[in-house]
Amino acid sequence: MPNFLRTCHCQGYAPEGVDLPRRVSRADLIALMLRDRTVARFIVAPPGYGRTALACEYADIVFGFRHVFWVDCTSPCFLRDLDAGTLVEGMRAIDAELALVVWDDVPHLGADRAEAFAALLDGLLESGVEVMAVCTPVSDVFATLQRDRTLLTAADLMLSSAEMRHEAASGRLHEGWEASCIPADHTPCIRWGKGGERLLMEGMVGDEVPAELRLAALVVLALVRGTVD
């Protein structure tokens, strides 16, 4: 696709094809990512935890989607251009004032590609461009390659007590919710999206998830409650 990077250029608008649920600001998480804008920010969680929505909110609040590239890393064009080493050059040819690059749904990368991607991020950061990477835990192979990164995990993305109280005050939680609330109730797609349970299940059975983790998830879902033993 010769126009791949042009389709990634936001030009003041939310990324095309990104379907966001009802908008709920996550001010505390945005503040966390603003603490150090000179390092890579990684949002690492399964689907359904509001990864893309959080990245979108950041790009909107901080940049208004101007001078922003939103790269769909599920496209084969991403791997093609990563291997060719042409991603940054292509972006700068389109927008000389490049300010933020969001790498959405980074796939699992082999050792050579992971090193190349980490070097690409470092190069952007050194030139004053902010970078944000969104991926699943299985695809996050960058702990040793990006030692100074800011990392947000599924635990960080779960709704806080304050956010849950806001849901209750808005009438979106039943009376007595605190007594019956379980950790899964704090999952963003359960609270803010439609078909949240289905989205979580689809994420658990993805091709990249090891069989032993899928089995563990099935056991937990079947038992609902129980001890670790």
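- Taking both residues in full, the closest heavy atoms of M91 and L98 are given as CB-CD2, 4.0 Å, listed atom of the first, atom of the second, then distance.
- F65 and F69 are members of different hydrophobic clusters when ILVMFWY side chains are connected at heavy-atom separations under 4.5 Å.
- In summary, D95 and R6 do not engage in a salt bridge, as defined by a charged side-chain N under 4.0 Å from a carboxylate O.
- The pair E97-R66 does not count as a salt bridge, with every side-chain nitrogen at least 4.0 angstrom from each carboxylate oxygen.
- The distance from the CE atom of M33 to the CD1 atom of I61 is 8.5 Å, given to the nearest 0.5 Å.
- Closest non-hydrogen pair, D156 versus L151, comes out as OD2-O, 3.9 Å.
- Taking the side chain as every heavy atom from C-beta outward, H67 and L100 never approach each other to under 4.5 Å.
- Side chains of W70 and C8 form no contact here, defined as non-hydrogen atoms less than 4.5 Å apart.
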Determine, step by step, whether F142 and F117 satisfy the ring-ring contact (aromatic ring centres under 6.0 Å, His included) criterion, reporting the C-alpha distance in whole Å, the side-chain angles of both residues, the deciding distance to 0.1 Å, and the verdict. CA-CA 9 Å; F142 304 101; F117 183 65; 5.5 Å; yes
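- Closest approach of R26 to L157, counting heavy atoms only: NH1-O, 2.7 Å.
- Under the 4.5 Å side-chain heavy-atom criterion for ILVMFWY residues, no single connected hydrophobic cluster contains both Y13 and F63.
- A heavy-atom distance below 4.5 Å is found between the side chains of V62 and L34.
- Minimum interatomic distance between V106 and L109 (heavy atoms only, all atoms of both residues): CG1-CD1, 4.2 Å.
- With values rounded to the nearest 0.5 angstrom, Q11 atom CD is found 10.5 Å from E16 atom CD.
- Proximity of E126 to T38: side-chain heavy atoms (C-beta onward) are nowhere separated by under 4.5 Å.
- Of the possible donor and acceptor atoms, one in the side chain of R41 sits under 3.5 Å from a partner among the backbone N and O of V39.
- For the atom pair CG (D83) and CG (L79), the distance works out to 6.5 Å, reported to the nearest 0.5 Å.
- Of the possible donor and acceptor atoms, one in the side chain of Q146 sits under 3.5 Å from a partner among the backbone N and O of A118.
- Between Y58 and M132 the shortest side-chain heavy-atom distance falls below 4.5 Å.
- Proximity of a side-chain donor or acceptor of R51 to a complementary backbone N or O of A45 within less than 3.5 Å is detected.
- The local environment of CG in D148 is crowded, with over 12 non-hydrogen atoms from other residues, nucleotides or ligands closer than 6.0 Å.
- A side-chain donor-acceptor contact under 3.5 Å links S127 to the backbone of L124.
- Scanning both residues, C77 and F4, for their nearest heavy atoms gives CB-CG, 3.5 Å.
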Report the C-alpha separation of L121 and W103 in whole Å, then their side-chain angles, then the decisive distance to 0.1 Å, and conclude whether the side chain to side chain contact (heavy atoms under 4.5 Å, CB included) test is met. CA-CA 10 Å; L121 299 188; W103 308 92; 3.3 Å; yes
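- Looking at every heavy atom in both residues, C73 comes nearest to D105 through CB-O, 3.4 Å.
- At least one side-chain heavy atom of T136 sits less than 4.5 Å from a side-chain heavy atom of S139.
- Here CD of E57 is found 4.5 Å from CD1 of I30. Values are rounded to the nearest 0.5 Å.
- The shortest distance between side-chain heavy atoms of V131 and L125 falls below 4.5 Å.
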Passes side chain to side chain contact (heavy atoms under 4.5 Å, CB included), D104 versus V71? Steps please. CA-CA 6 Å; D104 194 21; V71 182; over 6 Å; no
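- Taking CG of D140 as the reference point, atom CD1 of I43 lies at 12.0 Å (rounded to 0.5 Å).
- The side-chain heavy atoms of L152 and L54, taken from C-beta on, include a pair separated by under 4.5 Å.
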